[in-house]
Engineer: 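Sharing a structure here in structure tokens format.
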Amino acid sequence: SKGFEQTTFDAKWYLLRDKNGDLRGMVNVYVDDLAAAGDEYFWKKMESLNFYFGTKEQKDYDYLGMTVETFQDQHGTHLKFHQKKYAEQLPEIDIPRGRLSDGNDKLTEKEHEDYLSGLGQIGRMAVVSCAYLAYDYSFLASKSKDPTIKDLNALRKVISKAVIHK
């Protein structure tokens, strides 16, 4: 463990706390990528573990669709995670007006691909930073084998909600 504790919310995240229990930094390990953020105490610990960093940026960065921001105030160094950029690139799903008239119609192959793609992106947001999307994601995922136009339209509304609330 070397002082790091694995999080319970995602096995890829490890936290480093000082002897008072204060969070000093975080590391995400994903296949062969490593993202880390923390204060000077954290970086000294990382260096003591003999990690080689291709780049060591101590500013905001994007990692796997998530933005990590570091900022300081009178209470110390803080981390903020969000997916604003990720939300901004979510696809718009167009449904021709004529298709909306019968919500029970099955999707075309292209519409089904769009449904699964959009659903996957919403699922990522729900897991990483937008818990308010979890119910919508779960409900729409239950329809993913054979979704209808009504389901595609519901997904379109969830994507709009994600973009607005990013």
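All of these numbers come straight from a predicted model, not from anything done at the bench.
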Engineer: Hey, does I93 have a side-chain heavy atom less than 4.5 Å from the side chain of L152?
Structural biologist: yes
Engineer: Do I149 and D102 have side chains that get closer than 4.5 Å, going by heavy atoms?
Structural biologist: no
Engineer: Strictly by salt bridge (charged side-chain N to carboxylate O under 4.0 Å, His left out), give each pair with a member in residues 34-44 just once, sequence neighbours left out.
Structural biologist: R24-D39, E40-K44
Engineer: Using every non-hydrogen atom in the two residues, find where D146 and K106 come nearest and quote the distance to one decimal.
Structural biologist: OD2-NZ, 3.1 Å
Engineer: So, do M26 and W13 sit near enough that their side-chain heavy atoms are less than 4.5 Å apart?
Structural biologist: yes
Engineer: Would you name the heavy atoms of L119 and Y137 that are closest together and state the gap between them?
Structural biologist: O-CE1, 3.3 Å
Engineer: What residues, two or more places apart in sequence or in another chain, satisfy side chain to side chain contact (heavy atoms under 4.5 Å, CB included) together with K80?
Structural biologist: E69, F71, H82, K84
Engineer: Could you name each residue pair satisfying salt bridge (charged side-chain N to carboxylate O under 4.0 Å, His left out) that touches residues 89-99, not counting sequence neighbours?
Structural biologist: R99-D105, R99-E111
Engineer: Give the minimum heavy-atom separation between L133 and A162, together with the two atoms involved.
Structural biologist: CD1-CB, 3.9 Å
Engineer: Is K45 close to F42 at the side-chain level, that is, under 4.5 Å between some pair of heavy atoms?
Structural biologist: no
Engineer: By side chain to side chain contact (heavy atoms under 4.5 Å, CB included), which residues pair with E109, not counting sequence neighbours?
Structural biologist: E113
Engineer: Can you name the salt bridge (Lys or Arg N to Asp or Glu O under 4.0 Å) partners of K145, sequence neighbours left out?
Structural biologist: none
Engineer: Testing the basics here: between L116 and S144, what is the closest heavy-atom pair and its distance to 0.1 Å?
Structural biologist: CD2-CB, 3.8 Å
Engineer: Can a side-chain donor-acceptor contact be found between T148 and D151 if the only test is distance below 3.5 angstrom?
Structural biologist: yes
Engineer: Side chains of M125 and Y86: closer than 4.5 Å at any heavy-atom pair?
Structural biologist: yes
Engineer: Any side-chain to backbone donor/acceptor pair from W43 onto G38? Under 3.5 Å, distance only.
Structural biologist: yes
Engineer: Let me see the working for D18 and Y41 under side chain to side chain contact (heavy atoms under 4.5 Å, CB included), right down to the final yes or no.
Structural biologist: CA-CA 8 Å; D18 62 20; Y41 174 90; 4.0 Å; yes
Engineer: For S129 and Q83, work out which heavy atoms get closest and say how close.
Structural biologist: OG-OE1, 2.7 Å
Engineer: Suppose the criterion is salt bridge (charged side-chain N to carboxylate O under 4.0 Å, His left out): which pairs have a residue in residues 115-140, not counting sequence neighbours?
Structural biologist: D136-K161
Engineer: Any idea which heavy atoms bring V158 and L140 closest together, and the distance?
Structural biologist: CG2-CD1, 3.9 Å
Engineer: If two hydrophobic side chains count as joined below 4.5 Å and joins carry through other members, does V127 share a cluster with Y135?
Structural biologist: no
Engineer: Apply the test side chain to side chain contact (heavy atoms under 4.5 Å, CB included) to residues Q6 and K12: give CA-CA distance (whole Å), side-chain angles for both, the deciding distance (0.1 Å), then the verdict.
Structural biologist: CA-CA 8 Å; Q6 191 174 32; K12 298 181 299 284; over 6 Å; no
Engineer: Would you say I122 and L90 make side-chain contact, with heavy atoms under 4.5 Å?
Structural biologist: yes
Engineer: When the ring planes of Y115 and H112 are compared, do they come out parallel, tilted or perpendicular, using 30° and 60° as the limits?
Structural biologist: tilted
Engineer: Is there a side-chain contact between R17 and F4 (heavy atoms, below 4.5 Å)?
Structural biologist: no
